[in-house]
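Heads up: the structure comes next, in structure tokens.
None of these values were measured; they are calculated from a predicted model.
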Amino acid sequence: RPVWSVTVSHSKIWTVQGNDLAGAGTAARRAYLALERRAETATDASVKTQFLLAGEMTVETLLTSSADAATEAARLLAIHKVRRDVLDVTVPATFLQENPGLKLMDVVRVEHGRFGLAAGRDLVWLGLRSELASNRLTLTVWG
């Protein structure tokens with residue numbers, strides 16, 4: 001399911017210090033040590049109009065900089081804000097002979113009258129199941 005918001009946590013404090021922190025620490029330093037994690041969020045509200053059930057994603061990391069966390073949040077949002085499908089596509093058994101260079105994890109173009117594939121869509125080939133009795137192959141594709 002697509003997401004409209006990705007939050008990436010970073011800069012984990014392994015031993016959180018409460019208000020009773022001794023020493024000459026500044027108020028800003030005490031506030032920093034009082035929280036276990038900091039977070040950066042990337043959002044795209046337009047995803048909610050296209051996908052009404054779009055959710056939010058939270059990822060805990062061991063990143064140590066807010067810039068790196070913001071970059072990762074934007075990267076994850078770009079990946080997860082679009083629809084992804086896993087399809088099983090049945091092809092003739094001669095498909096691999098007709099496409100000798102094709103191997104798993106290659107991109108294949110799927111054209112079909114259903115599922116919004118009439119114009120064709122590039123998908124990654126993830127798996128293969130042989131149906132020798134019916135002389136067919138079933139390709140599992142994703143994208």
- request: List the steps and the verdict of side chain to side chain contact (heavy atoms under 4.5 Å, CB included) for Leu96 and Leu128.
  value: CA-CA 11 Å; Leu96 293 178; Leu128 173 69; 4.0 Å; yes
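- Nearest heavy atom pair, residue Val47 against residue Ala54, reads CG1-CB, 4.0 Å.
- One N or O on the side chain of Arg121 and one on the backbone of Gly143 form a donor-acceptor pair closer than 3.5 Å.
- Using a distance-only test at 3.5 Å, with no hydrogens or angles considered, no donor-acceptor pair links the side chain of Arg129 to the main chain of Thr140.
- At a threshold of 4.5 Å between side-chain heavy atoms, the hydrophobic network of Ile, Leu, Val, Met, Phe, Trp and Tyr places Leu102 and Leu104 in one connected group.
- A donor-acceptor contact shorter than 3.5 Å is absent between the side chain of Arg30 and the backbone of Gln17.
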Requested in this report: Could you give me the CA-CA distance, side-chain angles and deciding distance for Glu56 and Trp4, then say whether side chain to side chain contact (heavy atoms under 4.5 Å, CB included) is met?
Outcome: CA-CA 6 Å; Glu56 299 177 21; Trp4 70 275; 3.4 Å; yes
For Phe51 and Arg1, what are the C-alpha separation, side-chain angles and deciding distance, and is it a side chain to side chain contact (heavy atoms under 4.5 Å, CB included)? CA-CA 9 Å; Phe51 303 105; Arg1 162 177 110 181; over 6 Å; no
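- Leu87 and Leu123 make their closest contact through CD1-CD1, 4.1 Å (heavy atoms, listed as atom of the first residue, atom of the second, distance).
- In terms of heavy-atom proximity, Ser11 sits nearest to Arg38 at O-NH2, 2.7 Å.
- Minimum heavy-atom separation, Leu76 to Val6: CB-CG1, 3.9 Å.
- Among pairs with a residue in residues 93-102, none fulfils salt bridge (charged side-chain N to carboxylate O under 4.0 Å, His left out), at least two apart in sequence or across chains.
- At least one donor-acceptor pair under 3.5 Å links the side chain of Ser65 to the backbone N or O of Asp68.
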| query | Does the pair Phe115 and Val110 meet the rule for a side chain to side chain contact (heavy atoms under 4.5 Å, CB included), with working shown? | reply | CA-CA 11 Å; Phe115 310 117; Val110 176; over 6 Å; no
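- Applying the side chain to side chain contact (heavy atoms under 4.5 Å, CB included) criterion to Ser9, with sequence neighbours excluded, gives Arg37, Glu60.
- The two residues Pro2 and Lys81 have their closest heavy-atom pair at CB-O, 3.8 Å.
- Within 6.0 Å of CD in Glu131 there are more than 12 heavy atoms belonging to other residues, nucleotides or ligands.
- Under the 3.5 Å distance criterion, with hydrogens and angles disregarded, a donor-acceptor pair is assigned to the side chains of Thr41 and Thr7.
- When side chains are defined from C-beta on, Ile13 does not count as touching Leu35, because their heavy atoms never get closer than 4.5 Å.
- Taken to the nearest 0.5 Å, the CD atom of Glu36 stands 10.0 Å off from the OG1 atom of Thr15.
- In terms of heavy-atom proximity, Ile79 sits nearest to Val82 at O-CG2, 3.7 Å.
- By the criterion of side-chain heavy atoms lying less than 4.5 angstrom apart, applied directly or through intervening Ile, Leu, Val, Met, Phe, Trp or Tyr residues, Leu137 is grouped together with Val141 in one hydrophobic cluster.
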